[in-house]
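One structure is given below, encoded as structure tokens.
Start at 1 with the first residue, then count along the sequence.
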Amino acid sequence: MTPERRDLPGQAPDNASTASRARDFFSVPAPVKRIFDRFPLVTYPSNDLPYSAWSDKRGNRLYVFTDATGASRGRPSFNPQCLKWQAYLRFVGIDFDVIPSNNHASPSGALPFLIPAHPVNNNTPIPSSKLQKWAIEQVHCEEEQQLDLRFEVYASLLDHRIRNAWLYTLYLDPEEFAAVGKPLYVDPSSTHSAVRTALAVQLQQAAQTEILKTSSYIDVGALEAEASDAFEALSTLLGDNLHFFDRPNPGLFDASVFAYTHLILDEKLGWRRNRLGQLLRKHENLVQHRERLLKFF
């Protein structure tokens with residue numbers, strides 16, 4: 001008698017029996033199959049950007065934190081990251097319309113982003129991380145990082161020391177948050193008190209988390225001291241020049257500095273004590289730099 005055949009490791013199984021077992025395993029029960037036959041699976045295309053009163057514009061469109069009045073008049077955004085790129089595009093001579101938006105409307109989850117007048121890659125929005133590359137391709141302007149090796153060193157002052165002090169002032173200082181942060185970022189989002197409260201807590205927790213990435217606890221005095229040192233370093237770097245790195249025209253670094261100095265010195269925002277403004281005003285050349293660049297708007 002021939003012994004019963006078994007599938008052993010390294011031994012080829014019987015094809016017929018294997019195919020039968022596979023069909024049994026992957027077969028769909030009849031009731032389920034009837035449901036799917038009535039409701040076939042469909043892959044829908046990705047959603048378009050939300051339609052708004054600004055959607056009919058055909059030029060370059062930069063989506064930033066701003067209000068309708070500010071957008072219609074091309075005013076500086078009240079968000080440093082948005083203002084940085086808004087200013088840079090103006091400085092290099094690229095025309096665009098400002099579109100009021102928020103992070104939830106952004107494909108990447110963050111502002112700003114740009115829809116070019118002549119889209120590429122099926123109208124894919126250009127995130128902030130690719131805006132300089134796109135701008136250089138449009139107007140063939142110089143790339144600052146390659147022109148001066150100090151660019152990244154001094155940019156870190158803005159990205160860490162000044163930004164952390166800004167985050168604390170705007171979101172975690174109770175008086176300044178009530179006067180500036182809440183009216184700008186919370187109140188326009190909803191009229192419901194519970195929603196506003198939840199959003200305010202979310203913003204404050206995010207700011208706290210960001211600051212604690214570089215420190216074990218939040219020391220207000222240390223934050224102000226580091227911002228003061230950063231302002232002094234930037235003032236020394238600028239010197240008597242009109243623009244940073246002695247450029248004939250303002251560039252990306254000028255826009256990066258302006259994004260903070262303008263907002264810190266903008267009394268129309270409603271600052272109360274404005275400790276950062278007090279520190280910044282000690283450096284007259286930075287104040288004048290801000291005034292010169294503000295004329296672009």
Side-chain angles (χ1 to χ4, degrees), residues 47-119 123-128 131 134-135 166-167 169-171 176-200 202-204 206-207 255 258-272 274 290 293-297:
N47 293 333
D48 294 329
L49 291 171
Y51 181 85
S52 70
W54 312 89
S55 299
D56 293 330
K57 292 184 178 293
R58 290 293 177 262
N60 298 317
R61 289 162 287 166
L62 183 67
Y63 291 73
V64 302
F65 281 107
T66 188
D67 55 25
T69 301
S72 64
R73 299 183 180 181
R75 291 175 180 169
S77 168
F78 52 75
N79 177 272
Q81 180 70 2
C82 292
L83 180 52
K84 168 185 173 180
W85 293 107
Q86 183 185 3
Y88 175 70
L89 294 180
R90 288 196 182 280
F91 296 163
V92 298
I94 294 179
D95 293 327
F96 59 91
D97 292 307
V98 173
I99 312 296
S101 188
N102 57 63
N103 286 335
H104 298 293
S106 170
S108 66
L111 294 180
F113 66 92
L114 182 133
I115 302 294
H118 304 290
N123 205 31
T124 301
I126 300 174
S128 60
L131 273 176
W134 176 82
W166 168 266
L167 291 176
T169 301
L170 187 65
Y171 297 110
E176 301 292 17
F177 180 68
V180 182
K182 187 172 178 291
L184 289 180
Y185 290 99
V186 177
D187 294 347
S189 301
S190 175
T191 58
H192 197 288
S193 59
V195 175
R196 285 182 171 180
T197 300
L199 180 57
Q202 181 182 5
L203 289 173
Q204 291 175 322
F258 174 76
Y260 284 103
T261 58
H262 169 66
L263 296 176
I264 291 172
L265 296 175
D266 188 1
E267 296 298 337
K268 294 180 181 179
L269 292 180
W271 298 109
R272 296 292 176 84
N274 197 3
R290 176 253 186 178
L293 299 188
L294 185 59
K295 294 179 180 179
F296 276 88
F297 291 88

Phe258 vs Lys84, side-chain contact (heavy atoms from CB on, under 4.5 Å): CA-CA, chis, key distance, verdict: CA-CA 7 Å; Phe258 174 76; Lys84 168 185 173 180; over 6 Å; no
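The shortest distance between side-chain heavy atoms of Ile115 and Tyr63 falls below 4.5 Å. In this structure, Ile99 and Leu62 have side chains that are not in contact, with every pair of non-hydrogen atoms separated by 4.5 Å or more. The side-chain heavy atoms of Val98 and Ser72, taken from C-beta on, include no pair separated by under 4.5 Å. At least one side-chain heavy atom of Phe177 sits under 4.5 Å from a side-chain heavy atom of Gln204. Looking at Gln81 and Ser128, their side chains come closer than 4.5 Å, going by heavy atoms from C-beta outward. For the pair Leu293 and His262, the minimum side-chain heavy-atom distance is 4.5 Å or more.
Listed here is the closest heavy atom pair of Pro188 and Lys182: CD-O, 4.2 Å. Here the closest heavy-atom approach between residue Leu263 and residue Asn79 is recorded as CD1-C, 4.0 Å. Contact record, Leu199 with Val186: CD2-CA, 3.9 Å, taken as the closest heavy-atom pair. Residues Leu294 and Pro76 approach most closely at CD1-CG, 4.2 Å, considering heavy atoms. Considering all non-hydrogen atoms of both residues, Ala255 and Ala87 come closest at CB-CB, 4.0 Å.
Aromatic ring orientation, Trp85 versus Tyr88: perpendicular (interplanar angle above 60°, classes split at 30° and 60°). Between Trp271 and Trp166, the two ring planes are perpendicular [angle over 60°; tilted spans 30° to 60°]. Aromatic ring pairs are classed by plane angle as parallel below 30°, tilted from 30° to 60° and perpendicular above 60°; the pair Phe78 and Tyr185 is perpendicular.
In terms of modelled atom types and a separation under 3.5 Å, the side chain of Asn60 and the main chain of Asp95 share a donor-acceptor contact. Remark: side-chain polar atoms of Arg272 are not paired, donor with acceptor, to backbone N or O of Ala179 under 3.5 angstrom. In this structure, Glu176 contributes its side chain and Gly181 its backbone to no donor-acceptor pair below 3.5 Å.
One finds the OG1 atom of Thr169 at 9.0 Å from the CG atom of Leu167 (value rounded to the nearest 0.5 Å). To the nearest 0.5 Å, atoms OG1 (Thr124) and CZ (Phe113) are separated by 12.0 Å. Distance check, rounded to the nearest 0.5 Å: CG of Leu184 to CG of Leu269 gives 6.0 Å.
The side chain to side chain contact (heavy atoms under 4.5 Å, CB included) search around Asn103 returns Phe65, Ala110, Leu111, not counting sequence neighbours. For the salt bridge (Lys or Arg N to Asp or Glu O under 4.0 Å) test, no residue two or more places apart in sequence or in another chain qualifies with Arg75.
The cationic atom of Arg290 (NZ for Lys, CZ for Arg) does not lie both less than 6.0 Å from the six-membered ring centre of Tyr260 and within 45° of the ring axis.
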